[in-house]
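Presented below is the structure to which this report refers.
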Amino acid sequence: MEGIYRFSFGPWNIHEGADPFGPAVRRSMKLSEKLDLYKKLGFDGVQFHDDDAVPDMNNLSPGQIIDQAKQLRNILDDHGLAAEFVAPRLWEDERTIDGGYTSNDKACRDYALDRSKRAIDIANALGIDLLVLWLAREGTYIRESKDSKLAVERLTGSINQMLLYDSKIRICIEPKPNEPMDHAFIPTAGHAVALAQLCIDPDRVGVNIESAHAILAGLDPSDEMGFALAFNKLWTVHLNDQNGLKFDQDKSFASVDIRRAFNQVRILDKYGYGNKGEWVGLDVKAMRSQKFDVSTKHLTNSRKNFLKLLELSRSLDEEKVEELIAGRDYEELDNLILSHLLA
Ligand code: 3MF
Ligand code: MG
């Protein structure tokens with residue numbers, strides 16, 4: 001059951017190169033300039049933070065937000081592009097310093113929920129039904145600062161409110177074990193799927209697996225994908241790569257470990273990922289050392305690597321694989337995979 005692939009990324013994936021230790025090194029591109037690039041780079045889908053779609057939204061009324069989002073939809077149409085999802089950016093406001101849905105302060109929790117509803121309005125105006133929640137600050141710096149059982153109840157309660165607010169919206173949780181927090185409450189696909197079961201409409205709560213986030217959790221990204229697929233909950237992916245347990249690197253897909261990337265492509269393709277409209281999202285960052293005029297190569301390279309690995313996945317001698325599995329000759333299977341990747 002082979003998949004059909006369309007590629008997406010977010011405007012934040014073309015960026016100025018600032019990091020916690022130094023300032024921007026490339027000029028900013030306006031959203032309009034970025035949208036002009038999508039098709040040229042081989043991408044048809046745009047992922048949005050709510051305020052990528054509607055800047056300065058905290059100072060706009062709900063009606064103004066919807067109007068601006070509708071204008072953006074026309075711009076996307078003119079470019080032949082589609083929106084994939086909207087994600088409320090809950091980690092930058094002063095009211096979310098200690099988290100959004102799990103903040104200890106009720107006024108801050110109310111802000112987070114209200115902002116999420118505005119993000120749902122934007123999704124509606126863009127004609128899509130997918131809201132991604134990267135639960136950035138829903139965790140702790142020190143164990144004693146929050147109650148982890150209560151935090152799960154608060155997350156469930158907030159998601160329920162979103163499900164009630166819009167009877168069509170699907171909520172897709174992007175798990176990540178750490179950064180910016182020391183510990184996150186929903187670090188893996190298993191946690192996200194379990195949280196979905198606690199919600200009032202579990203069928204509308206799914207998962208976005210990001211390769212680097214799985215690696216930071218010490219897990220194999222393809223296993224995280226398989227887990228979500230087993231629950232029919234893999235609704236989008238953030239493919240990238242990561243060199244060990246350090247800060248979230250968002251390296252180009254397959255740039256660190258070709259075999260690990262191959263296995264992600266293989267499981268997606270084996271289970272027809274994309275056949276129900278799922279996009280292949282690439283959450284990758286250009287190296288800070290990259291000059292402005294060559295600062296989108298991480299996107300084209302990641303897409304190219306995916307397609308090359310897809311060819312390799314589809315040309316693997318699956319009969320031989322089955323034969324070696326049946327004979328439990330995993331050394332030979334190891335060699336078969338490596339020879340195939342090295343050929
Ligand atoms: C953080 C991320 C984010 C999310 C994005 C959409 C910058 O580690 O991966 O990308 O994917 O905010 O939810
Ligand atoms: Mg991501």
Side-chain angles (χ1 to χ4, degrees), residues 7-20 31 34 43 45-54 57 83-93 96 99-101 112 115-116 118-120 122-123 126 128 130-139 155 158-159 162 169-189 192 205-217 219 221 224-225 228 234-243 245-253 264 278-286 288 298-299 302:
F7 297 86
S8 62
F9 68 88
W12 64 86
N13 295 115
I14 299 176
H15 68 109
E16 298 80 11
D19 67 19
L31 180 62
K34 293 180 183 177
F43 291 77
V46 189
Q47 308 180 333
F48 286 102
H49 292 131
D50 50 4
D51 57 3
D52 293 325
V54 180
M57 54 185 284
E84 183 196 355
F85 67 64
V86 177
R89 197 198 299 267
L90 284 176
W91 50 93
E92 288 187 355
D93 195 90
T96 57
Y101 315 118
R115 172 90 181 220
S116 307
R118 301 290 79 74
I120 292 173
I122 295 173
L126 293 176
I128 51 174
L130 196 61
L131 191 80
V132 162
L133 298 183
W134 170 44
L135 300 168
R137 297 193 191 276
E138 312 300 358
L155 284 169
S158 303
I159 292 172
M162 293 176 227
I169 199 76
R170 294 180 299 140
I171 312 281
C172 195
I173 297 172
E174 180 178 332
K176 181 175 178 180
N178 64 296
E179 203 197 32
M181 307 306 275
D182 184 12
H183 286 289
F185 291 126
I186 307 297
T188 69
V205 183
V207 187
N208 172 14
I209 297 297
E210 173 156 334
S211 323
H213 297 178
I215 296 160
L216 286 170
L219 301 171
E224 286 284 89
M225 289 171 186
L234 189 61
W235 298 343
T236 186
V237 290
H238 265 175
L239 301 185
N240 55 21
D241 215 344
Q242 171 75 26
N243 196 12
L245 300 181
K246 48 183 94 177
F247 66 95
D248 184 8
Q249 296 184 300
D250 294 336
K251 287 165 101 65
S252 292
F253 181 55
Q264 292 170 66
E278 304 93 339
W279 293 81
V280 176
L282 291 161
D283 197 2
V284 288
K285 275 205 183 80
R288 189 168 189 264
H298 58 304
L299 291 159
S302 294

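Excluded from the calculations below are hydrogen atoms, water molecules and symmetry mates; all remaining heavy atoms, backbone and side chain alike, are included. Source: prediction; values computed, not measured. Note that ligands are numbered from 1 as they come in the structure, with each ligand's atoms numbered from 1 the same way.
The line from CZ of Phe253 to CZ of Phe7 is 9.5 Å long, rounded to the nearest 0.5 Å.
Less than 4.0 angstrom separates some heavy atom of His238 from each of these atoms of ligand 1: 11 (O). Below 4.0 Å from some heavy atom of Val132 lie the following atoms of ligand 1, by number and element: 13 (O). Of all atoms in ligand 1, listed by their number and element, those nearer than 4.0 Å to a heavy atom of Trp134 are 1 (C), 3 (C), 8 (O), 12 (O), 13 (O). Listed by number with element, the atoms of ligand 1 under 4.0 angstrom from any heavy atom of Asp248 are 8 (O). For ligand 1 and Trp91, the ligand atoms under 4.0 Å from any heavy atom of the residue are 12 (O).
Between Trp134 and His49, the gap from one ring centroid to the other reaches at least 6.0 Å.
Contact of the Leu299 side chain with the Phe43 side chain is registered, since non-hydrogen atoms from C-beta on lie closer than 4.5 Å. Looking only at side-chain heavy atoms (C-beta outward), Asp241 and Ile215 come within less than 4.5 Å of each other. Using a 4.5 Å heavy-atom cutoff, the side chains of Leu133 and Glu138 are not in contact. Taking 4.5 Å as the limit, every side-chain heavy atom of Leu135 sits out of range of all side-chain heavy atoms of Phe185. Within the 4.5 Å cutoff, the side chain of Leu90 has no heavy atoms near those of the Arg137 side chain.
At least one donor-acceptor pair closer than 3.5 Å links the side chain of His298 to the backbone N or O of Asn13. Judged purely by atom type and a 3.5 angstrom limit, Glu224 has no side-chain atom pairing as donor or acceptor with the backbone of Ala214.
Ranking the protein heavy atoms by distance from atom 7 (C) of ligand 1 puts Trp12 NE1, 3.4 Å first. The shortest contact between atom 3 (C) of ligand 1 and any protein heavy atom is with Asp283 OD2, 3.7 Å.
Only the side chain of Glu210 comes within contact range of ligand 1, with a heavy atom under 4.0 Å; no backbone atom does. Proximity of His49 to ligand 1, defined as any heavy-atom pair under 4.0 Å, is confined to the side chain (atoms from C-beta onward).
Residue Glu174 holds the heavy atom nearest to atom 11 (O) of ligand 1 of all those in Glu174, Lys285, Glu179, Lys176.
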Criterion side chain to side chain donor-acceptor pair (under 3.5 Å) on Asp283 and Asn240, from CA distance to verdict: CA-CA 6 Å; Asp283 197 2; Asn240 55 21; 5.0 Å; no
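Distances shorter than 4.0 angstrom occur between a heavy atom of His213 and an atom of ligand 1. Residue Phe48 places no heavy atom under 4.0 Å from ligand 1.
If you run side chain to side chain donor-acceptor pair (under 3.5 Å) between Ser211 and each of Gln242, Gln264, His238, only Gln264 comes through.
Nearest heavy-atom pair across Trp235 and Leu130 is CE3-CD1, 4.1 Å.
For the Mg ion (ligand 2), the set of protein N/O/S atoms nearer than 2.8 Å consists of Glu174 OE2, Glu210 OE1, His238 ND1, Asp283 OD2, ordered by chain and number.
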